[in-house]
Amino acid sequence: MLRDIIIDKELFNNIRKKALESEEEENSPKEVELLEKAVFKRLKKKRSVKKYRKLGVTKEDLKEIIELADILSLDALGGPSNYEIAREHQEWCTICGRCCRESESIFIHKDELNLLLTFNPDLKKGIIPNKLFPEHFELKNIQPCKYIDPETNKCGIYNSRPQVCRSYPLVLIESGGKARNIINMRHNCNYSVNLILEKSIILFDDAIRRLEEKNRSFNKSRNRAECC
Ligand code: SF4
Ligand code: SF4
């Protein structure tokens with residue numbers, strides 16, 4: 001019900017279908033499910049269903065809002081983009097190092113190669129062409145990435161690290177001819193979980209504000225009708 005206040009059901013279903021098609025290679029359904037569960041746990045602590053029960057808010061609403069936060073970039077509704085939220089909250093990264101240990105590939109676009117090598121010529125030995133995407137190179141021998149410090153989880157080539165490492169947990173994808181930053185859904189990445197949580201809170205608060213406004217104007221017109 002809360003989600004329907006923010007977005008028309010049919011429109012949501014269309015966006016969902018498209019998002020699933022374009023993101024299916026990036027985010028596995030199992031990971032999305034686990035991440036949504038992790039966000040749900042945190043959202044329940046931040047926004048109590050009990051407080052809004054009189055307005056008809058249920059746990060299901062929280063789940064629907066989280067699903068909307070997963071697939072919708074808030075700039076489509078006039079809010080902050082995924083990139084803006086992530087940039088403002090770098091403290092959400094706990095430097096656990098999972099992304100550097102578990103990533104299956106670290107892409108380097110041909111346009112950033114020269115710059116990377118200028119600042120770190122040693123990197124040349126560790127870069128190979130990407131067979132599937134001719135515009136890209138990639139780091140060789142990752143999982144774990146050999147540049148991660150096993151003690152501190154810090155990156156050994158931090159200042160010259162590839163763009164994909166800088167923007168993680170956001171991943172740039174091409175969809176419908178446009179570049180979009182989607183969130184790499186990893187339930188054990190605190191950064192990803194908090195990003196979805198923040199988006200869910202923004203959507204939840206907006207839906208409650210609209211619901212309260214709707215109730216107020218309904219009550220006003222009812223009182224007017226009773227007076228006359
Ligand atoms: S981005 Fe996520 S997985 Fe990577 S170090 Fe930070 S919290 Fe860990
Ligand atoms: S290059 Fe650095 S940031 Fe990128 S995966 Fe390796 S250790 Fe992590």
Side-chain angles (χ1 to χ4, degrees), residues 23 25-43 45-46 66 69-70 73 80-130 132-133 135-173 180-201:
E23 291 171 17
E25 284 175 17
E26 299 294 334
N27 296 312
S28 85
K30 186 70 198 158
E31 267 302 328
V32 174
E33 190 191 324
L34 289 170
L35 182 125
E36 285 182 353
K37 273 189 187 161
V39 176
F40 181 63
K41 241 171 144 180
R42 294 186 194 188
L43 185 59
K45 288 184 188 154
K46 299 268 181 192
I66 293 168
D70 276 358
S73 188
S81 65
N82 288 335
Y83 173 74
E84 284 166 327
I85 301 174
R87 190 190 53 197
E88 288 303 308
H89 292 284
Q90 290 174 20
E91 77 281 4
W92 287 337
C93 174
T94 55
I95 319 180
C96 66
R98 282 197 182 94
C99 48
C100 306
R101 290 201 180 83
E102 296 171 7
S103 285
E104 284 166 15
S105 53
I106 305 288
F107 279 29
I108 298 164
H109 191 267
K110 64 178 176 45
D111 291 347
E112 64 173 323
L113 189 64
N114 280 344
L115 195 65
L116 286 186
L117 293 178
T118 304
F119 287 100
N120 196 339
D122 290 348
L123 210 59
K124 198 169 184 179
K125 289 175 261 161
I127 294 177
I128 50 171
N130 183 292
L132 288 180
F133 301 96
E135 299 238 300
H136 290 82
F137 294 81
E138 61 180 303
L139 292 185
K140 76 175 175 191
N141 299 335
I142 58 160
Q143 269 195 335
C145 174
K146 66 177 177 185
Y147 299 107
I148 187 172
D149 182 319
E151 303 285 319
T152 62
N153 290 334
K154 292 201 171 152
C155 174
I157 53 163
Y158 189 77
N159 290 328
S160 345
R161 70 199 190 286
Q163 188 54 42
V164 283
C165 304
R166 290 171 194 271
S167 61
Y168 196 86
L170 298 182
V171 184
L172 199 61
I173 62 160
R180 288 174 54 219
N181 266 313
I182 64 159
I183 300 171
N184 199 11
M185 306 281 191
R186 291 285 174 271
H187 75 284
N188 53 18
C189 167
N190 189 59
Y191 211 156
S192 303
V193 175
N194 271 346
L195 258 165
I196 301 288
L197 176 66
E198 179 73 6
K199 289 172 75 181
S200 304
I201 290 172

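Indexing begins at 1, ligand by ligand and atom by atom, following the structure's order. Just so it is clear, the values below take in all heavy atoms, side chains as well, and ignore hydrogens, waters and symmetry mates.
Proximity of Lys146 to Leu139: side-chain heavy atoms (C-beta onward) are nowhere separated by under 4.5 Å. Residues Glu31 and Asn184 fail the side-chain proximity criterion, which asks for heavy atoms closer than 4.5 Å.
With waters neither drawn nor counted, the protein N/O/S atoms under 2.8 Å from atom 6 (Fe) of ligand 2 amount to 1. For atom 2 (Fe) of ligand 1, the tally of protein N/O/S atoms lying closer than 2.8 Å stands at 1.
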Problem set entry | Test side-chain hydrogen bond (donor to acceptor under 3.5 Å, both in side chains) applied to Asn120 and Arg161, step by step | CA-CA 9 Å; Asn120 196 339; Arg161 70 199 190 286; over 6 Å; no

All N/O donor-acceptor pairs, side-chain side in residues 88-98, below 3.5 Å, sequence neighbours left out:
residue: His89; atom: ND1; partner: Glu91; partner atom: OE2; Å: 2.9
residue: Arg98; atom: NH1; partner: Asn188; partner atom: O; Å: 2.9

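One finds the CG atom of Leu35 at 5.5 Å from the CD1 atom of Ile196 (value rounded to the nearest 0.5 Å).
Every pair passing salt bridge (charged side-chain N to carboxylate O under 4.0 Å, His left out) that includes a residue from residues 103-126 is listed here, sequence neighbours excluded: Lys110-Glu135.
Across Arg186 and Ser192, no two heavy atoms sit closer than the pair O-CB, 3.8 Å.
Remark: of the listed residues Leu172, Leu170, Val171, Asp70, Val171 is the sole one forming a side chain to side chain contact (heavy atoms under 4.5 Å, CB included) with Ile182.
Distance alone, capped at 3.5 Å, is enough to place a donor-acceptor pair between the Arg166 side chain and the Asn159 backbone. Between the side chain of Glu138 and the backbone N or O of Ile106 there is no donor-acceptor pair closer than 3.5 Å.
Under 4.0 angstrom from ligand 1, there are no non-hydrogen atoms of Asn153.
Each of the atoms 5 (S), 8 (Fe) of ligand 1 lies under 4.0 Å from some heavy atom of Gly97.
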